[in-house]
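Notes follow the structure.
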Amino acid sequence: MSPAPMTAVDIDDFLLWAAAGVVLGGRLGYILFYDLPRYLDNPGDILAVWQGGMSFHGGLTGVTIAMILF
């Protein structure tokens, strides 16, 4: 019997990369596409996720990039 192409540790690492890609990409997409002037004036607000949102297309792009890098 041949070994599995991915181990449980590989899958765990992949899910961590994918989750980070969704969150970071979604936030970055929201900043770039919806309210860029505000964040250029107040860059500290980028981390204030309770005062903004996330975008689907940014999250999709982020998880796609994370999958490619993984």
- Indicate, with yes or no, if Leu36 and Leu28 share a hydrophobic cluster defined by side-chain heavy-atom contacts under 4.5 Å among Ile, Leu, Val, Met, Phe, Trp and Tyr.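 Shared cluster, yes.
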- Item | Shared hydrophobic cluster, Phe33 / Ile31 (ILVMFWY, side-chain heavy atoms < 4.5 Å) |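 The answer is yes; both residues are in one hydrophobic cluster.
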Side-chain atoms of residues 59-70: list all donor-acceptor pairs with protein atoms under 3.5 Å, sequence neighbours left out, distances to 0.1 Å.
residue: Thr61; atom: OG1; partner: His57; partner atom: O; Å: 2.8
residue: Thr64; atom: OG1; partner: Leu60; partner atom: O; Å: 2.7

- Task: First locate atom CZ of Arg27, then atom CD1 of Ile46, and finally report the distance between them rounded to the nearest 0.5 Å.
- Result: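 Here the interatomic distance stands at 8.0 Å.
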- Task: Determine which pairs satisfy salt bridge (Lys or Arg N to Asp or Glu O under 4.0 Å) with at least one residue from residues 16-26, sequence neighbours left out, and list them in order.
- Result: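 For residues 16-26, and leaving out neighbouring residues, there are no salt bridge (Lys or Arg N to Asp or Glu O under 4.0 Å) pairs at all.
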- Please identify each residue that fulfils side-chain contact (heavy atoms from CB on, under 4.5 Å) with Leu24, with sequence neighbours left out.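 With neighbours one apart ignored, the set is empty.
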- Message: According to side chain to side chain donor-acceptor pair (under 3.5 Å), does anything in residues 46-56 pair up with another residue at least two apart or in another chain? List the pairs.
- Response: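 Counting only pairs at least two positions apart or across chains, the side chain to side chain donor-acceptor pair (under 3.5 Å) contacts touching residues 46-56 are Arg38-Gln51.
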- Query: Which residues pass the ring pair (Phe, Tyr, Trp, His ring centres under 6.0 Å) test with Tyr30, sequence neighbours left out?
  - Reply: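 Listed in chain order: Tyr34.
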Which donor-acceptor pairs under 3.5 Å do the side chains of residues 12-20 make with protein atoms, sequence neighbours left out?
none

